[in-house]
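Working notes, beginning with the structure itself.
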Amino acid sequence: MINPGNFVMKNIIMFGTNIDLRCPMKTTFVVLHYITIVDTRECVRSLIDNVEGDFDIVVVDNGSNDGSGIDLEFEFKDYQNIHIIISEKNLGFASGNNLGYQFAKHELKSDFIVLINNDTLVNQKNFIKVINNKYTEHKFHILGPDILSLSDNKHQNPHFSQTKRYSKRGMVGLIVKYTISHLLIWLKLDDILRSMKDKLLLNRSRNKRYKAMHTEEHKNVMLHGCCLIFSKEYIQKYNGLYDKTFLYMEEDILFYIARKEKLLTMYSPDILIYHKEDSSTNAIVKAGRQKRLFIYKHHRKSAIEFLKILFNDNVYRSRMINL
């Protein structure tokens, strides 16, 4: 839940070019920022320079301790459609995004809210127009674009899930796996962990089966969390993402909730973004043993939260649904 005491809001001005009045619905991009100002600047600039239509951008500084949120505020002070929210502490991925989501929902009255990572780039001019068209045609609740990784040129959507993970037994197994992995790294027994990983890898034939799935539209699939597009039906009923995780498994939890609530999730290859990957994680902790400890620690915590949801739907409903 949002605590207004945790952040300070700063409005900043509006660029007056490329306004397309033919787009009837209001779109807001929410960019979650933490320390990596170069990535955030490039992301915001890619939206301003490339995307056609009338839209707002909400940048959430998620507790950066280097003053970069203030730097962004100064840099974009002449853009009336850019709004800066500064959180006093790092709230994590879901709660940090929810600050921007709530502002876009209640203050900007947005019909579409696009939660997009700061380490992404958007070069597609008709991005907003395609969203409107897809909504008119399909009435989706959550839409995901084609996501091309700049690190390995692989397509990251649709993000196929293992449905067995959504059983209580499967989630307990994940918690045990993450606990053991964290312990082995803490004990500096990484060789054992690598051996375990080799045995747990998905077989290659299934990977090949999914290889070309990004070329077609798919409904009721899990979507990658670096870009989630919410329609007005979702916005009217829900308060954002489930906010009890810090980082990891947000896509799994959202997809589970979408299935329980009978929401339409949809992937479309007609929208494309580029993803640099791991910007936020690398800003929190550098690569190496500490990063691996961080990853397994927070995967375990997120899996525990997911298990609570599997036992009782009211765990997510009480935090996400407008009463």
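- Remark: Lys308 pairs with Glu305 by the salt bridge (Lys or Arg N to Asp or Glu O under 4.0 Å) rule, at least two apart or across chains.
- Under the rule for a salt bridge (Lys or Arg N to Asp or Glu O under 4.0 Å), the partners of Glu261 that lie at least two apart in sequence or sit in another chain are Lys237, Arg317.
- Between the side chain of Ser302 and the backbone N or O of Leu247, at least one donor-acceptor pair lies under 3.5 Å.
- In terms of the side-chain contact (heavy atoms from CB on, under 4.5 Å) criterion, residue partners of Ser268 (sequence neighbours excluded) are, by chain and number, Lys134, Leu143, Glu217, Asp270.
- Heavy atoms from other residues, nucleotides or ligands lying under 6.0 Å from NZ of Lys301 number 12 at most.
- To the nearest 0.5 Å, atom OG of residue Ser87 and atom CG of residue Leu32 are 9.5 Å apart.
- Residues that satisfy the side-chain contact (heavy atoms from CB on, under 4.5 Å) test with Cys43, not counting sequence neighbours, are Val31, Thr120.
- Among the candidates Leu228, Ile273, Thr28, Ile131, the single residue satisfying the side-chain contact (heavy atoms from CB on, under 4.5 Å) test with Val114 is Ile131.
- A heavy-atom distance below 4.5 Å is not found between the side chains of Asn322 and Gln236.
- Atom SG in Cys226 sits 12.5 Å away from atom NZ in Lys276 (nearest 0.5 Å).
- When all heavy atoms are compared, the tightest approach of Met320 to Gly240 is CE-O, 3.2 Å.
- Considering every non-hydrogen atom in both Ile82 and Ile84, the closest pair reads CG2-CD1, 4.1 Å.
- Interatomic distance, Phe103 CZ to Asp56 CG, rounded to the nearest 0.5 Å: 8.0 Å.
- Grouping the Ile, Leu, Val, Met, Phe, Trp and Tyr side chains by contacts below 4.5 angstrom, directly or via other members, places Leu121 apart from Ile48.
- Looking only at side-chain heavy atoms (C-beta outward), Val122 and Ser46 come within less than 4.5 Å of each other.
- Relative to the ring axis of Phe255, Arg259 places its NZ or CZ within 45° and under 6.0 Å from the centre.
- Summarising the geometry, atom CD belonging to Glu250 is positioned 8.5 Å from atom CG belonging to Asn97; distances are rounded to the nearest 0.5 Å.
- Judged as a ring pair (Phe, Tyr, Trp, His ring centres under 6.0 Å), and not counting sequence neighbours, the contacts of His224 are His159, His275.
- Residues that satisfy the salt bridge (Lys or Arg N to Asp or Glu O under 4.0 Å) test with Asp313, not counting sequence neighbours, are Lys260.
- Residues satisfying the side-chain contact (heavy atoms from CB on, under 4.5 Å) criterion with Leu148, sequence neighbours excluded, are His155, Leu272, Tyr274.
- Counting heavy atoms from C-beta on, the side chains of Glu233 and Leu264 never come closer than 4.5 Å.
- For Asp71, the side-chain hydrogen bond (donor to acceptor under 3.5 Å, both in side chains) criterion is met by no residue, not counting sequence neighbours.
- Taking SG of Cys227 as the reference point, atom CZ of Phe127 lies at 4.5 Å (rounded to 0.5 Å).
- No side-chain donor-acceptor contact under 3.5 Å links Tyr267 to the backbone of Asn220.
- Scanning for ring pair (Phe, Tyr, Trp, His ring centres under 6.0 Å) contacts around Tyr135 gives Phe112, Phe140, with sequence neighbours left out.
- Considering all non-hydrogen atoms of both residues, Asn90 and Gly92 come closest at OD1-N, 2.9 Å.
- Using a 4.5 Å heavy-atom cutoff, the side chains of Val58 and Leu108 are in contact.
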query: Should Asp119 and Thr36 be marked as a side chain to side chain donor-acceptor pair (under 3.5 Å) after you check the CA-CA gap, both sets of side-chain angles, and the distance that decides it?
result: CA-CA 9 Å; Asp119 60 349; Thr36 54; over 6 Å; no
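- At a threshold of 4.5 Å between non-hydrogen side-chain atoms, the residues Asn118 and Tyr34 do not count as touching.
- A donor atom on one side chain and an acceptor atom on the other are not found under 3.5 Å apart for Asn157 and Asp146.
- The cluster map of Ile, Leu, Val, Met, Phe, Trp and Tyr, joined by side-chain heavy atoms under 4.5 Å apart, puts Leu254 and Ile321 in the same cluster.
- The closest side-chain heavy-atom distance from Phe230 to Tyr238 is not below 4.5 Å.
- Contact detail for Ile37 and Ser68: the closest heavy-atom pair is CD1-O, 3.8 Å.
- Between the OG1 atom in Thr265 and the CD1 atom in Ile229 there is a gap of 12.5 Å [rounded to 0.5 Å].
- Taking Tyr242 as the reference, nothing meets the ring pair (Phe, Tyr, Trp, His ring centres under 6.0 Å) condition, with sequence neighbours excluded.
- Only one option out of His214, Gln156, Lys154 pairs with Ile147 in a side-chain contact (heavy atoms from CB on, under 4.5 Å); it is Gln156.
- Proximity of Leu293 to His182: side-chain heavy atoms (C-beta onward) are separated by under 4.5 Å at one or more points.
- Leu150 and Val38 end up in different hydrophobic clusters when Ile, Leu, Val, Met, Phe, Trp and Tyr side chains are linked at under 4.5 Å.
- Classification of the Phe294-Tyr248 ring pair by plane angle, with boundaries at 30° and 60°, yields perpendicular.
- Closest approach of Phe93 and Leu241 over heavy atoms only: CE2-CD1, 4.0 Å.
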- prompt: Between Ile175 and Ile304, is a side chain to side chain contact (heavy atoms under 4.5 Å, CB included) present by the stated rule, with each step listed?
  reply: CA-CA 7 Å; Ile175 293 169; Ile304 291 172; 3.8 Å; yes
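- Checked against salt bridge (Lys or Arg N to Asp or Glu O under 4.0 Å), Arg300 has no partners two or more places apart in sequence or in another chain.
- Considering only heavy atoms from C-beta on, Arg319 stays 4.5 Å or farther from Asn239 through its side chain.
- For Leu183, the side-chain contact (heavy atoms from CB on, under 4.5 Å) partners are Trp186, Leu187, not counting sequence neighbours.
- Side-chain atoms of Asn50 and Asn123 include a donor-acceptor pair closer than 3.5 Å.
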